[in-house]
Amino acid sequence: MSEFLKILREIEAKWQREWYERKIFEPAIDDERAKFFITVPYPYVSGPPHIGHGRTFTVADIIARFKRMLGYNVLYPIAWHITGTPIQAVADLISRGDPDTIRRYREYVMLYVSDPKEVDKILEEFKDGWKIALFFAKAYERDFKSIGLSMDFSRQFTTGDSDYNAFIIWQYQKLRKKGYITRGKHVVLYAPAEGHAVGEHDIKGGDEIEVRIQEFTLIKFKLVDSNEYIVAATLRPETIFGVTNIWVRPDATYVKATVNGETWIISKDCAWKLQYQDKEVKVLEELKGESLIGKMAIAPLVDREVPILPAFFVDPEVGTGIVFSVPAHAPYDYAALIDLKRNIDLLRKYNIEHIVQKIEPISIIESNLGTQPAVDIVQKMRIMNQLDDKLNDATKTVYQVEFYTGKMRDNTPLSGLSVQEAREKVKEMLRSINMLDVMYEVEPKGVVTRSGNRIIAAVIKDQWFIDYRDPEWKQRALKLVNEIMKIVPEKYRQQFNATIQWLELRPCARRRGIGTRLPWDPEWIIESLSDSTIYMAFYTIVKKLRQSGISQKLSELVKKVYEGSEDALAVIEKFFDYIFLGEGNVEEVSKLLECDKNIIEDIRREFLYWYPVDLRHSGIDLIPSHLTFFIMHHTAIFPEQHWPRAISLNENVIREGRKMSKTLGNVLEIARLPREYSADLFRLYVASSADLESILDWRESEVQKIASQLERFWKVCNTILELGPPMEEYTFERLHILSKKLISIVNMMIVRGKEHLENFRIREYVVDVFFNLLNEVEEYINVYKICNINIDEVRYTLNYVIERWIRMLQPVIPHICEEIWHRMGKMTYISCEFWPSPGPLSWEIINAFEILERTLEDVKSIIKSREEPPKRIYIYVGPSSELYDIVNMLIEMLEKGMDMRTIMRELSKDEKYRPIMNKISDLLRKIINGMIPRIRTFKDIEYEVFKNCEKYMSYRLGGVEVIVQDAERPTYDPVGKAKQALPGRPAIYVEW
RNA sequence: GCGGGGGUGCCCGAGCCUGGCCAAAGGGGGCGGGUUGAGGUCCCGCUGGCGUAGGCCUGCGUGGGUUCAAAUCCCACCCCCCGCACCA
């Protein structure tokens, strides 16, 4: 087994070398041929590719190779995505000497470089993000070649290249001029110590915990006899009507600060955070929580004076560090109130005994939990004090139940409203009297960056957005999805529709990372999902851009744009306007770029030839993001004839039933495939073990099974090669019935396999063309001697088969097929061959063999019903051919959708059938209940097949003698079975 | 919560759109046999229950319904998975 894989790997390396050296997958435009432009989203090259990438790119490759076989001029290009922050973040961490990151990247590099000194050197270079990107771009190329992808590697670029920047600049100018770019406030996760917004990859444990931003309502309580406000934070503003007091933590540090011109009392931590949330904050003085205790403040809306009291559950790092207390509805508040009432020392210390003792919960909401949920739940859960952990759950329960089922009671001005409605209403009311503000908090508490710095919520006030809300734009996108584009598997279409409807504002630029700068505001870098929407157009021209030297010119222009040059920007716009939209005129453009106008025309032709994208293939995870942007932006920028034509998708890859992840350490990199497995083995596994819409589970034991199937195929092919070519040609008619069958099946597969692939049914295609055909061929080789088929005829048949078979399999297992092709003495590359055209195909024979299979099943079922082995088996084929004709006619009528009654009525009109209507209704019933198979068959063929397969059937039945007779003239029929024979259902007599 | 997709025999998984050839493809596992010095590989057969002739019964998340006929259509319920944004 492993011996076979070794041979296979050598074969694979050999043909890969040839294919890529000879550049056979680098097409040029050719007006004589139809083109097929297929793309997969370029990968983000921050690490090595794994079998998840492998699956997606292999599926696309199978389609690409297939389309090539159909005669299309196929372009399957690749490029590398480096835009954004993750690569930058890795470089930063390596620079800082982060041990985890360095260990991980050392392992990555060692997949490609064995010399440890070399590895060290490379890791040293990884302090520069660009070096990381370039290293892994190379790694991807190498890995993609190692699984035999028929890609055009000559059009590679990275999204950091300056000609690409120019292209993106053009795109964003277009979007802006169309009014799709806006600016506004935006809340993000932010690390003040590092001075930038953070993404998931920046957060320690970010791939495991779900970090989100929560909006707190701030309610201002005016201190009695003062202009100062004590500001409480809450998620439940509607409970203000039940307020009894305010909690502060006596030992925490608070500040008096001016916030946007008012004087607020809030926690010191809060004051610090607020300055990142678009607020003008100036701290006037610090004070201890203690010093506030006993003071009175006025609750807005209810206009009640409430006291400020001490509580220890209050966290100065959450919200403002000040809580207004609603003991009827907030378990924490109730628990704290009980604690305080019991704590005589504390009451005396602050001299608040008299006020505290008369505080009672005020119920303002009625819900499924009653009117005093906090009181009830604290008692029911036996919560001991305000620091009890169970309070968290209690709070969650009350919050949820009241949110969904709560109604405001009539002691509030919002009597009868649901809690949801009341919440909004209260906010409005507070806002109108200027007693409301908001702040944002990170949930859960305590998340830090990979470097250990605190993460808070920050408001960016001048964020650039793409505004997807324009209904007319959405309409165009919906038209593309629903009326123009093919989506495979069909079931994902709904998700595109849903995503388009739901899209609103998307921040499209950041201040950090690699990428293209906004031409009108170069402080901002266009974010990675926003710069990768229509770049397939760039593939069509990048080669010419570079050959012609225009890339250099664009590069200089980009530099000038960043420096603020309007002229340079205009040149970029005019150039791409002409290339992609045919706007403007060549003379002007060529003059501006100082180049021959033929070059410009040439580039324009490239685009016109290749565009639109015929198929974009991707993993399903990109549906709600990139693929929808891909759709939206195409409809924004290009005219309808350049809109993409189809999207195909595949599910994810898991391994041994579990998700692949860095934390589990179970990621299988493509780099390991050619060492531990083989390219064709991988491809066959990917194609055969799950259809597109199913998760593919990479299971070692299954992979080994597929490996042995591949070896079986290899052996069969070599057996055929060893038999050599036939001495003479054979017409179909001359052949033995088994040869006819095999050739018919191959020709059937040529038709059916093509249909499967045209409809992306890759798995079914492999099942048919690889597995089923393999069974057929092997069976033929096993029985040709038993059935006395002339050896030269066998050679002819098998050569006929293999020559077509390996061409059909080329899209999935190109290397092994290429090898066999050449061993057959062919000089061309099978990778560039055509799909075979179908030859002679006898459905009658295929059908008769199906009947034979069914008959064998029946015989086995009969044999099974007795202990002792049978002596002899008699098979009586067919009644008169007239009955066959009738049955065939009935089957046809049924297939047309006619029911029994209609058929009978129809036939009884005919003189010919009237006398035998009884017989006909009997046959019809037997067809309907399945006794007679719905397979078109004829007496003579059925008989011929059975008669010629006596030995074959005997072999299949473990050696029992089989005798086939014509049911109309049996020579031996002791119990009168022969007369039971029906079309497609020979009679059986087993002699014991 | 909002949006999308699913629940099939011991397991994985087809089929359901276009109802009947569906006891339900194909694997895997298990059992039996062959090959082998033994083991593995490989090959053949069996693998819901009953039945001494190709048959019958039960059956495709649960409960109803439509139909001569339902895994397939309709309704209700239960359960599971995925996405929810500035992140590639």
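Residue numbers start from 1 in every chain, and the chains themselves are labelled A, B, ... in the order their sequence lines are given, proteins ahead of strands.
Taking 4.0 Å as the cut-off between side-chain N and carboxylate O, E402(A) and R236(A) count as a salt-bridged pair. Comment: R506(A) engages E527(A) in a salt bridge, judged by a side-chain N to carboxylate O separation of less than 4.0 angstrom.
Atom CZ of R423(A) and atom C1' of G1(B) are 13 Å apart (whole Å). L692(A) has its CG atom 17 Å from the P atom of G5(B), to the nearest Å. Atom CG of N759(A) and atom P of A14(B) are 17 Å apart (whole Å). For the pair N497(A) CG and G3(B) C1', the interatomic distance rounds to 12 Å; values are reported in whole Å. Computed from coordinates, the D691(A) CG to G5(B) C1' distance equals 14 Å when rounded to whole Å. When rounded to the nearest whole Å, the span between NZ of K491(A) and P of G15(B) equals 10 Å. Straight-line distance from the CD atom of E711(A) to the C1' atom of U41(B): 9 Å, rounded to whole Å. Rounded to whole Å, the distance from CZ on R761(A) to P on C16(B) is 11 Å.
G54(B) is unpaired under the criterion used here, namely a Watson-Crick or G-U wobble arrangement in which both key atom distances are under 3.5 Å. Applying the Watson-Crick and G-U wobble criteria (two distances, each under 3.5 Å), C46(B) pairs with G30(B). The partner of G3(B), taking Watson-Crick or G-U wobble pairs whose two distances both stay under 3.5 Å, is C82(B). A70(B) makes up no base pair with any nucleotide shown, lacking Watson-Crick or G-U wobble contacts both under 3.5 Å. Of the nucleotides present, none pairs with U41(B) by Watson-Crick or G-U wobble criteria with both distances under 3.5 Å.
Below 30°, between 30° and 60°, or above 60°: for F629(A) and Y468(A) the angle between ring planes is below 30°, a parallel geometry. Using cut-offs of 30° and 60° on the angle between ring planes, the pair F713(A) and F770(A) is tilted. The aromatic rings of H53(A) and Y140(A) sit perpendicular, their planes meeting at an angle over 60°, well past the 30° parallel limit.
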Any protein N or O atoms within reach of nucleotides 54-57 of chain B? Criterion: under 3.5 Å, listing atom names and distances.
unit_1, atom_1, unit_2, atom_2, d
G54(B), O2', D858(A), OD1, 2.7
G54(B), N1, P986(A), O, 3.3
G54(B), N2, D858(A), OD2, 3.0
G54(B), N2, P986(A), O, 3.2
G54(B), N3, D858(A), OD2, 3.0

Listing time: all N or O pairs from protein to nucleotides 27-30 of chain B that are below 3.5 Å?
unit_1, atom_1, unit_2, atom_2, d
G29(B), OP1, K705(A), NZ, 3.4

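D697(A) comes within contact range of no nucleotide atom at all, as no heavy-atom separation falls under 4.0 Å. Counting non-hydrogen atoms under 4.0 angstrom, S694(A) reaches the backbone sugars and phosphates but no base. Residue-level contact check: V767(A) touches neither bases nor backbone, having no heavy atom under 4.0 Å from any strand. Counting non-hydrogen atoms under 4.0 angstrom, F771(A) reaches nothing in the nucleic acid.
When Y42(A), F630(A), W80(A) are each tested for a ring-ring contact (aromatic ring centres under 6.0 Å, His included) with Y535(A), only one passes: Y42(A).
Across the C1' atoms, C77(B) and A69(B) are found 26 Å apart, a figure rounded to whole Å. A distance of about 14 Å separates the C1' atoms of C12(B) and A25(B), rounded to the whole Å. C42(B) and U62(B) have their C1' atoms separated by 45 Å, with the value rounded to a whole Å. G30(B) and G9(B): their C1' atoms are spaced 14 Å apart (whole Å). Here the separation of C80(B) from C68(B), taken at their C1' atoms, is 37 Å to the nearest Å. For the P atom pair drawn from C17(B) and G61(B), the interatomic distance equals 15 Å after rounding to whole Å. The P atoms of G63(B) and G6(B) are separated by 23 Å, rounded to the nearest whole Å. Taking atom C1' in both U66(B) and C73(B), the straight-line distance is 8 Å, to the nearest Å.
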* Summarise protein proximity over nucleotides 79-87 of chain B in one line of letters, 5' to 3': B for base, S for sugar-phosphate only, - for none, counting protein heavy atoms closer than 4.0 Å. => ----SSBBB
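Minimum heavy-atom separation, D462(A) to W524(A): O-CZ2, 3.5 Å.
With a 6.0 Å radius and a threshold of 12 heavy atoms from other residues, nucleotides or ligands, K951(A) has its NZ atom at or below the threshold.
Between the CG atom in L622(A) and the CZ atom in R616(A) there is a gap of 8.5 Å [rounded to 0.5 Å].
Residues passing the side chain to side chain donor-acceptor pair (under 3.5 Å) test with S532(A), sequence neighbours excluded: none. In terms of the side chain to side chain donor-acceptor pair (under 3.5 Å) criterion, residue partners of R512(A) (sequence neighbours excluded) are, by chain and number, H196(A), D202(A).
Distance from the side chain of R699(A) is smallest for C12(B) among the nucleotides C42(B), C12(B), A14(B). Comparing G4(B), C46(B), C43(B) against the side chain of K860(A) picks out C46(B) as the nearest.
Side-chain contact, D691(A) with S694(A): a donor N or O sits under 3.5 Å from an acceptor N or O.
Each of E857(A) and V990(A) lies near RNA chain B, and the nucleotide nearest E857(A) is the one positioned closer to the 5' end.
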* To do: Report the C-alpha distance between R183(A) and D521(A) in whole Å, list the side-chain angles of each, state the deciding distance to 0.1 Å, and finish with yes or no for salt bridge (charged side-chain N to carboxylate O under 4.0 Å, His left out).
  => CA-CA 12 Å; R183(A) 204 169 202 197; D521(A) 188 358; 3.0 Å; yes
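Contacts classified as salt bridge (Lys or Arg N to Asp or Glu O under 4.0 Å) and involving residues 774-783 of chain A (residues at least two apart or in different chains) are given here: R712(A)-E778(A), K741(A)-E776(A), E779(A)-R956(A).
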